[in-house]
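Working notes, beginning with the structure itself.
By convention in this document, chain letters (A, B, ...) are assigned in the order of the sequence lines, proteins followed by strands, and residues within each chain are numbered from 1. The structure displayed is predicted, hence computed values, not measured ones.
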Number of protein chains: 2
Amino acid sequence: MERIFSALAESNRIRIVQLLKEKPLTVGEVAENLQLRQPQASKHLKVLHDAGIVEVIPQANRRFYRLRPEPFKELDVWFDSFRSIWEGRLDRLDDYLHDLQAEESNED
Amino acid sequence: MERIFSALAESNRIRIVQLLKEKPLTVGEVAENLQLRQPQASKHLKVLHDAGIVEVIPQANRRFYRLRPEPFKELDVWFDSFRSIWEGRLDRLDDYLHDLQAEESNED
DNA sequence: TATTAATATTCTCTTTACGGAATATTCCTT
DNA sequence: AAGGAATATTCCGTAAAGAGAATATTAATA
C-alpha cells in the first residue's frame, strides 16, 4: 500500500497514470504527451513499474507501458474499508466526547 | 490528488489513518497505539492535517484528530475513472498492436 | 557489421523528508 | 499566578528523491 502511494506521490507520475488510462504508450509517446525529456519519462515509468502499477510490453524497438489492474484492485479494497466514514459518518464525535466525559466523571 | 498521495506515502501515516478509522483519537493515544514518540505523532498528524485528511477537535487540554470524509470522496471519484481498467480491460493490447502495425504498413 | 532509433542508466547537484532530542506553547487546575 | 499535562515546534544530521546532462544499452535494419 505504501509503495503504491509513494509511486503516485508525484505529479508527473499521476499524469502518466492518467495518460495510460486511455491506452498503452511507448516511452517516447509519454514523454511527448507530457512534455518530459525521455530520461525523465523512463525514470518515472521505472518507479511506476517497480511499484507494480505498470507493466512493459516490448515491441520491436519500443517498449509499451500499460497499467496493471492489480494495484487498483488493491487500492479499491483498502478504500472500501473507509466507505463508512463518508457514507454516513458512524463515529459521531459529539457522542464520543459525551461518552468520554461520562467516563471521566466516573473516575472521581 | 498529489497532496493526498504524498501524505499517505509513509507507513506510519497509513497506520494512523487506519487507526483513526475506528474513532477520533488524541495525539497521545495515537502515539501510544503505534509506539511512536509524541513529537513524531504530532508531526505526522500535522502532515495529514495539511493534506486535509484529518481535522482537529480541541477538547480542553487535548486535541482529537478525526478523519475528514472529503479526501476519501475525492479519491473515490478519481478511482472511478480507472474502474474500466480492472473490470474488463478495454484497451486490449494485442488489438492495439495489431492496429499499430496496420498503420505502419500504410506508411510505406 | 556499422548505423540509427528507442530506451535505460549513471553521475552530480539540490531539495525535501524523516527521526531524535530538546524546547516551546497551550490550557487546565489549584 | 504557578505547576503540570498535553501537544507543537525547532534544530540538527542524514537519507532519499528529483531534475538535468551525458552516456550506455538494446534491437532493428541497411
Report summary line: By salt bridge (Lys or Arg N to Asp or Glu O under 4.0 Å), B/Glu70 pairs with (sequence neighbours left out) B/Arg68
Report summary line: Hits for salt bridge (Lys or Arg N to Asp or Glu O under 4.0 Å) against A/Lys46, two or more places apart or cross-chain, chain-then-number order -> A/Asp50
Side-chain donor-acceptor contacts of residues 2-16 of chain A below 3.5 Å, not counting sequence neighbours, with atom names and distances?
unit_1  : atom_1 : unit_2  : atom_2 : d
A/Ser6  : OG     : A/Glu2  : O      : 2.9
A/Glu10 : OE1    : A/Asn12 : N      : 3.0
A/Glu10 : OE1    : A/Arg13 : N      : 3.1
A/Glu10 : OE2    : A/Asn12 : ND2    : 3.4
A/Asn12 : OD1    : A/Arg15 : NH1    : 2.9
A/Arg13 : NE     : A/Ala7  : O      : 2.6
A/Arg13 : NH1    : A/His44 : ND1    : 3.1
A/Arg15 : NH2    : A/Leu34 : O      : 3.1

**Report entry** Boundaries of the chain A footprint along DNA chain C (any atom under 4.0 Å from a heavy atom)
**Finding:**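 Span of nucleotides near chain A: C/dA5 to C/dT10.
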Is there a side-chain contact between [X] and [Y] in this structure, where contact means two heavy atoms from C-beta onward sitting under 4.5 Å apart?
X	Y	answer
A/Phe82	B/Leu67	yes
A/Leu75	A/Met1	yes
A/Phe64	A/Val27	no

Report task. Let me know, please, whether A/Ala60 or B/Ala41 comes out on the 5' side of the other along DNA chain D by nearest nucleotide. Result ->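 Nearer the 5' end of the strand: B/Ala41.
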Report summary line: On DNA chain D, more 5' by nearest nucleotide between A/Asn61 and B/Val27 is B/Val27
Query - A/Arg63 CZ to D/dA28 P, straight-line distance once rounded to whole Å - result: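 Interatomic distance, CZ of A/Arg63 to P of D/dA28: 12 Å.
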Report summary line: Protein-proximity profile, nucleotides 12-22 of chain D, B/S/- by nucleotide at the 4.0 Å heavy-atom cutoff, equals ------SBBBB
Query raised in the report: Quick one: does B/Glu29's side chain have a donor or acceptor within less than 3.5 Å of a partner on B/Thr26's backbone?
Result: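 Indeed, once roles are kept as given, a pair shorter than 3.5 Å links the two residues.
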Query raised in the report: What residues form a side-chain hydrogen bond (donor to acceptor under 3.5 Å, both in side chains) with A/Gln38, not counting sequence neighbours?
Result: A/Ser42
